[in-house]
Amino acid sequence: MDLAAPQEVLLPLDLGRKMPMPSKRRSVLVHSSVETYTPPVINLFSLAGVPVNSRVSSKIQQLLNTLKRPKRPPLKEFFVDDFEELLEVQQPDPNQPKPEGNQMNVLKGEPLGMVTNWPPSLLAALQRWGTTQPKAPCLTALDTTGKAIYTLTYGKLWSRSLKLAYTLLNRLTTKNEPLLKPGDRVALVFPNSDPVMFMVAFYGCLLAELIPVPIEVPLTRKDAGSQQIGFLLGSCGVTLALTTDACQKGLPKAQTGEVVTFKGWPRLMWFVIDGKHLAKPAKDWHPQVRDASAEIAYIEYKTSKEGSTVGITVSHASMLAHCHALTQACGYSEAETLTNVLDFKRDAGLWHGVLTSVMNRMHVISIPYALMKVNPLSWIQKVCLYKARVAVVKSRDMHWSLLAQRDQRDVSLSSLRMLLVADGANPWSISSCDAFLNVFQSRGLRPEVICPCASSSEALTVAIRRPPELGGPPPGKAVLSMNCLSFGVIRVDTEEKLSVLTVQDVGQIMPGANVCVVKVDGTPYLCKADEVGEICVNSGATGMAYFGLLGITKNVFEAIPVTAAGVPVSDQPFTRTGLLGFVGPDYLVFVVGKLDGLMTVSGRRHNADDVVATALAVEPMKFVYRGRIAVFSVTVLHDDRIVLVAEQRPDASEEDSFQWMSRVLQAVDSIHQVGVYCLALVPANTLPKAPLGGIHISETKQRFLEGALHPCNVLMCPHTCVTNLPKPRQKQPDVGPASMIVGNLVAGKRIAQASGRDVTQLEDNDQARKFLYLADVLQWRAQTTPDHPLFLLLNSKGTVASSASCIQLHKRAERVAVALLEKGRLNVGDHVALVYPPGVDLIATFYGCLYAGCIPITVRPPHPQNLATTLPTVKMIVEVSKSACILTTQAIMKLLKSKEAAAAVDIKTWPTILDTDDMPKKKLAGIFRPASPDMLAYLDFSVSTTGILAGVKMSHAATSALCRSIKLQCELYPSRQIAICLDPYCGLGFALWCLCSVYSGHQSILVPPLELESNVSVWLSAVSQYKVRVTFCSYSVMEMCTKGLGTQTDILRVINLSCVRTCMVVAEERPRITLTQSFSKLFKDLGLSARAVSTTFGCRVNVAICLQGTAGPDPTTVYVDMRALRHDRVRLVERGSPHSLPLMESGKILPGVKVIIAHTETKGPLGDSHLGEIWVSSPHNATGYYTVYGEEALHADHFTARLSFGDTQTIWARTGYLGFLRRTELTDASGERHDALYVVGSLDETLELRGMRYHPIDIETSVIRAHKSIAECAVFTWTNLLVVVVELEGSEQEALDLVALVTNVVLEEHYLIVGVVVIVDPGVIPINSRGEKQRMHLRDGFLADQLDPIYVAYNM
């Protein structure tokens, strides 16, 4: 792509459906539009990122070798992760280009010339110049104003290096032993502004036969990549660091005044090498200046794509050979002047400016980075001032000087014979070179002077373009089709097109080297002439190894290229350079990318640098702050996805950002034919920096994946990028009933049916008949055991707030009945709403209603601080239940009639409201006795999580049957105590609070859950204090205890839970294993038995189906495959296998209850371990819906369903929950094999997406795990889009980090694309009293724009 092309191009952009633009605190939206954009001259700024493959220490390598022959069958046999069959595999395009050329041959460079008097080693050269030409200038250092502050002569370099070598070997001791011995590694820590000290340190180490390891100056404890540098130092066994006085003073210090130990670094001794710290060598001491050998001379560090840092070892012989080859290729001669803008510690800056320069007694002018920042023209001014013959720069230095050259008229570049462009292999170097020549040709710059070169940390210099006088052919330029390149094929195209890449040659290969191009993956087969591959070099001037890493060293430094027939091309090993390219006409080398920046998306290769170049060419060019863009790929759902992160200018508006982002998406799509998965903008100067100001790519990627990038704008496009999702499920035509049952029998599957113990055998029927009506039971208890305490209500301090014995409760009930009949003038069968806080009043008024023959409905009182949302629910229940009267306290009565209430509901339409605070003591004439046990006893109203208010009818027979079942399961007698921490308004909570104690005579210790808000330990303290054996709570209570008590050790000291035999969570959902397990684990040390915690299961049609009770086997846990579950199948797997989901049994089926699993559509019975709807038949089933508000048509057959075949006589009630029955190996109390019931989730809650059935909780669990700051999450669908709402617990700057993480995790684990991510404050997701999320309320709030989110991201 020639980025200077001036054509105007219209790029159409279809950004998907328009989204509603919510007016949120900071919500964002992209409007699709058609933008024009002209690719102008590219605005680039450094993108230094350094490559490495991976790290394997020798120990691990040994281990890997022993594992080559597996002793056991491979894991595949245990866990078949069948994503291969599930995910769409990209089929190769039959029309994709294929290479057609001949197989290439090994390219041989010119031989290394014989030079008379060539020194036998670099140190010999230094000794020669230091003694024969001591006054010759070696290096001039400049300050940040561009003034020369010091010129190091060869004599000084020699004498100071000697002093340092002597000091290091003789003056540094530990316990009278020399600290260092020859061959030890030493860290060189010098700032970019001090080349002089660095040179002395480098040559001093070489003279002392120590191995220098130059690294960056660590500025803070958390520098980008600093931990990895520490790892390198540790693995190299570095114990000493050399530095300057000024640099040492600037390092972060500990309290002791010593330099801190940086994170991940070994303990280092710091030695300052300024003159006063060095000792004069003894008269008889002379260093050994040996000939160049295969011993290690120095170690250069390099950081890989993954962020790991490795050390590349270079031997004395390679160092010498490399200097020789560079001297020949660049035609260096004695006493030439060279200006160096590069980092002198590594790469071309070190090779030209520190090593080869000394070989040839050259004079180097070193330009510090700080000076370039202040004055980008400084290097050109110095070339002019010192009449430099050679300059070593990067394309960004040329680019910067272009922007600043207008003020300078008098500079001349005519002295230059070579302008070495060190990053000539970058795709954008050509536009910098062309633009630079364009401007400076008029100032003496000759076109042939520009010499791009290619290098790699492993192979050192690979190729350099030579000027004609050094025998170089004319420069080459290739215009290549981007599309073909993505398939690894070279096809020449025309410059008019946008989707082309224009590259310049990087010259010829180095003298004395052999080069070939091999396939990138797998065996290094030679490429064809028109195929892109990895360039490999065989010469005496390459690196030797990755220090200490034998495995990857073999792979990279000892590659043996082979022909198509598998014949090695040479008996010499080649070094892989990590450069991707080909050899063009005139044997010129062309580089089109780096292995490090390679992103393989759906089988096509894209180069990160090319995508950066495209993004930089997008208007407005000035939008990206100093051209700082990072592009990398992350693996999501088994493929690379492209992520582009850019720093935006401080003054950029939201509108600018989105315009720029949508243009970048279009540009990348039209030029590279690939989608960008995530585009993030961060504030200026916040991306991690590489040492010389570029972006530290691997650290940026790490932050992105950890959710620590803190972007200010994000755009995700998973819909366009993710093309390998499994095909949507097609529903199969259903199997007929007969074949279904035959199938079950043939397969030997039992029909999935289970029942609790038989009630008739457990209890004599006289008592059951006597206890048919609860009103009778209370009277009987009041006569026989008047003073037996039934209820104790505790307050938040744990003291008894009120209590009731049998006689007290009976008398209060009588008074209520009198008030109803006399003050309320009610008739038998009238409905009465009881609006009370949890307490004894609620229980007394309930029995008062039964005494008067009225039908009670318990209603949660409105919350005084939140009338607007809680009062309408009260009003709705009162109206829907057709209540003729409301009984309540004086305080609540005032509230119901208050001005604030009038704002929420119409208070004029309340029925009669009576307060029961002080009622006259009157005797009731006679207690009402129902004509038949099938008459209505009470109504139970509850709002489901899907927002439906449903009231069910409970007859007298069902009520006593419910109490009897619970009594038998929990072995409840008058001598027992149970503790209840539940809300008493509906379901099992109501039954336990109001009914069971009266029926069984046990004492109930009542703890209203609200009291835990002011004292979280009140429930467990009561359990401990009263030595309770059986206790009930809700998930919200358990969560409050787990979160709130974990740290309060002083309270916990006095609690002892060893008395608890069973602690049951009352729930109408799938058991929350993680919560129950963390609760058990947390309180284990307080004596809570691991077996004690279990869950119950009930629903609207039957409030208590399962309940663990005191006897029977412990609840079992199975692991099912989550993917099979989406297809309504149960596939049992081992714990820890991929996609496994633990399900815990929901307690034991209650006595008298029968359960069967029915097919959701055919209504036929299913076999053991098959997923279907749970149907229940029992004497305590509710007799029907009283009314269903919000969905009037709610199926009459919920209570009177029959199977479509098999046992078609039994009447069942449909629970609306999916689950399965599984026969276990355990035996139950009756000696039979125990059948376990597993609840998977409510059918109403499930999401139908891509033809599959998802349970919201599974997606939410994944999302909550994605980042530590996600406190809670809820999902729902909106017009086929999956909406994920997350509560952010951290700082708001983390909000946008979550968007990508949430999208990634849902794709990876559920194969779903998230449509909208809504980030809100903690507490926004509504939760009901049972601790269940009210997802439909949340959805309504989202659609009505009431959530006040921190951020809304619409994934496109």
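Along the sequence shown, the residues carry numbers beginning at 1.
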Out of curiosity, Ile380 CD1 to Ser401 OG, how far, rounded to the nearest 0.5 Å? 4.0 Å
Check the pair Tyr203 / Leu164 against side chain to side chain contact (heavy atoms under 4.5 Å, CB included), numbers first and verdict last. CA-CA 9 Å; Tyr203 282 104; Leu164 177 59; over 6 Å; no
Side-chain contact test, heavy atoms from C-beta onward, threshold under 4.5 Å: evaluate it for Leu188 versus Phe198 and give yes or no. yes
Listed by chain and number, what are the salt bridge (Lys or Arg N to Asp or Glu O under 4.0 Å) partners of Asp347, not counting sequence neighbours? none
Any idea which heavy atoms bring Ala541 and Ser539 closest together, and the distance? N-OG, 2.9 Å
Please list all pairs meeting side-chain hydrogen bond (donor to acceptor under 3.5 Å, both in side chains) that have one or both residues in residues 125-136, counting only residues at least two apart or in different chains. Asn117-Arg128
Side chains of Asn375 and Gln381: do they bring a donor and an acceptor to under 3.5 Å? yes
Salt bridge (charged side-chain N to carboxylate O under 4.0 Å, His left out) partners of residues 415-424, not counting sequence neighbours, each pair once: Glu336-Arg417
Mind checking whether Pro511 and Pro111 have side chains closer than 4.5 Å, heavy atoms only? no
Sort and list the pairs that fulfil salt bridge (charged side-chain N to carboxylate O under 4.0 Å, His left out) and have at least one residue in residues 364-374, not counting sequence neighbours. none
Under 3.5 Å, which donor-acceptor pairs do the side chains of residues 578-587 form with other protein atoms, sequence neighbours left out?
none

Please answer whether the main-chain N or O of Ser415 pairs with a side-chain N or O of Arg389 as donor and acceptor at a distance below 3.5 Å. yes
Going through the distances and angles, do Glu209 and Arg290 end up as a salt bridge (Lys or Arg N to Asp or Glu O under 4.0 Å)? CA-CA 10 Å; Glu209 294 183 23; Arg290 304 173 191 271; 2.9 Å; yes
To the nearest 0.5 Å, tell me how far Leu142 CG sits from Ser193 OG. 11.0 Å
Take Leu419 and Val393 through the side chain to side chain contact (heavy atoms under 4.5 Å, CB included) test and state the conclusion after the steps. CA-CA 7 Å; Leu419 174 57; Val393 299; 3.7 Å; yes
Could you walk me through whether Phe344 and Phe190 satisfy the ring pair (Phe, Tyr, Trp, His ring centres under 6.0 Å) test, starting with their C-alpha distance in whole Å, then the side-chain angles of each, then the deciding distance to 0.1 Å, before giving a yes or no? CA-CA 10 Å; Phe344 49 74; Phe190 292 87; 8.5 Å; no
A side-chain contact here means heavy atoms from C-beta on lying under 4.5 Å apart; do Ser161 and Leu207 qualify? yes
Partner residues of Asp194 under the side-chain hydrogen bond (donor to acceptor under 3.5 Å, both in side chains) criterion, sequence neighbours left out: none
When rounded to the nearest 0.5 angstrom, what distance separates OG in Ser432 from CD1 in Ile450? 10.0 Å
Sidechain N-carboxylate O distance under 4.0 Å for Lys477, Asp505: no
Charged N-O contact under 4.0 Å between Lys345 and Glu216: yes
Below 4.5 Å, heavy atoms only, C-beta onward: do Asp343 and Tyr369 meet side chain to side chain? no
Check whether any side-chain heavy atom of Leu320 sits under 4.5 Å from a side-chain heavy atom of Trp118, and report yes or no. yes
Keeping to residues at least two apart or across chains, list the ring-ring contact (aromatic ring centres under 6.0 Å, His included) pairs with something in residues 372-394. Trp379-Phe436
Can you measure from CE (Met362) to OG (Ser333) and round to the nearest 0.5 angstrom? 7.5 Å
Side chains of Leu242 and Cys205: does their closest heavy-atom pair fall under 4.5 Å? yes
Given the ring of Trp158, does Arg160 sit roughly above its face, with NZ or CZ under 6.0 Å from the centre of the six-membered ring and within 45° of the axis? no
Result of checking Val196, Thr153, Thr151 against Leu139 for side-chain contact (heavy atoms from CB on, under 4.5 Å): Val196
For the pair Ser357 and His352, evaluate side chain to side chain donor-acceptor pair (under 3.5 Å) and give the outcome as yes or no after the intermediate values. CA-CA 6 Å; Ser357 58; His352 291 269; over 6 Å; no
According to side-chain hydrogen bond (donor to acceptor under 3.5 Å, both in side chains), who are the partners of Glu469, at least two apart in sequence or on a separate chain? none
Minimum heavy-atom separation for Ile312 to Gly543, with atom names? CG2-CA, 4.3 Å
Check whether His363 reaches the backbone of Thr339 with its side chain - one donor and one acceptor, N or O, closer than 3.5 Å. no
Residues Arg396 and Gly694: closest non-hydrogen pair is NH1-N, 4.4 Å
Side chain to side chain contact (heavy atoms under 4.5 Å, CB included) between Arg443 and Val411, intermediate numbers included: CA-CA 7 Å; Arg443 306 191 192 168; Val411 292; 4.0 Å; yes
Candidate pair Ser455 and Leu460, rule side chain to side chain contact (heavy atoms under 4.5 Å, CB included), full reasoning: CA-CA 5 Å; Ser455 61; Leu460 312 189; over 6 Å; no
Please give me the minimum heavy-atom distance between Cys516 and Leu526, naming the atom from each residue. CB-CD2, 3.7 Å
Quick one: which residue pairs count as a side-chain hydrogen bond (donor to acceptor under 3.5 Å, both in side chains) with a foot in residues 311-322, not counting sequence neighbours? Ser315-Ser318, His322-Thr461
Using the ring of Phe557 (Phe, Tyr or Trp, six-membered ring only), decide whether Arg576 places NZ or CZ under 6.0 Å from its centre and within 45 degrees of its axis. no
Minimal non-hydrogen separation, Ile490 against Leu480, with atom names: CG2-CD2, 3.7 Å
For Lys382, check salt bridge (Lys or Arg N to Asp or Glu O under 4.0 Å) against everything at least two apart and list the hits. none
Side-chain contact test, heavy atoms from C-beta onward, threshold under 4.5 Å: evaluate it for Val421 versus Cys453 and give yes or no. no
So, taking the atom named CG in Leu342 and the one named CG in Asp397, what distance separates them when rounded to the nearest 0.5 Å? 7.0 Å
Strictly by salt bridge (charged side-chain N to carboxylate O under 4.0 Å, His left out), give each pair with a member in residues 150-159 just once, sequence neighbours left out. none
Run the side chain to side chain donor-acceptor pair (under 3.5 Å) check on Thr577 and Glu458 step by step: do they pass? CA-CA 6 Å; Thr577 60; Glu458 290 81 2; over 6 Å; no
Over all heavy atoms of both residues, which pair between Arg446 and Ser414 is shortest? Give the atoms and the distance, please. NH1-O, 3.8 Å
Listed partners of Glu110 passing side-chain hydrogen bond (donor to acceptor under 3.5 Å, both in side chains), at least two apart: Gln328, Arg466
As an exercise, state the distance from CD of Gln504 to CZ of Phe590, rounded to the nearest 0.5 Å. 9.0 Å
Check whether any side-chain heavy atom of Asn607 lies under 4.5 Å from a side-chain heavy atom of Leu598, and answer yes or no. no
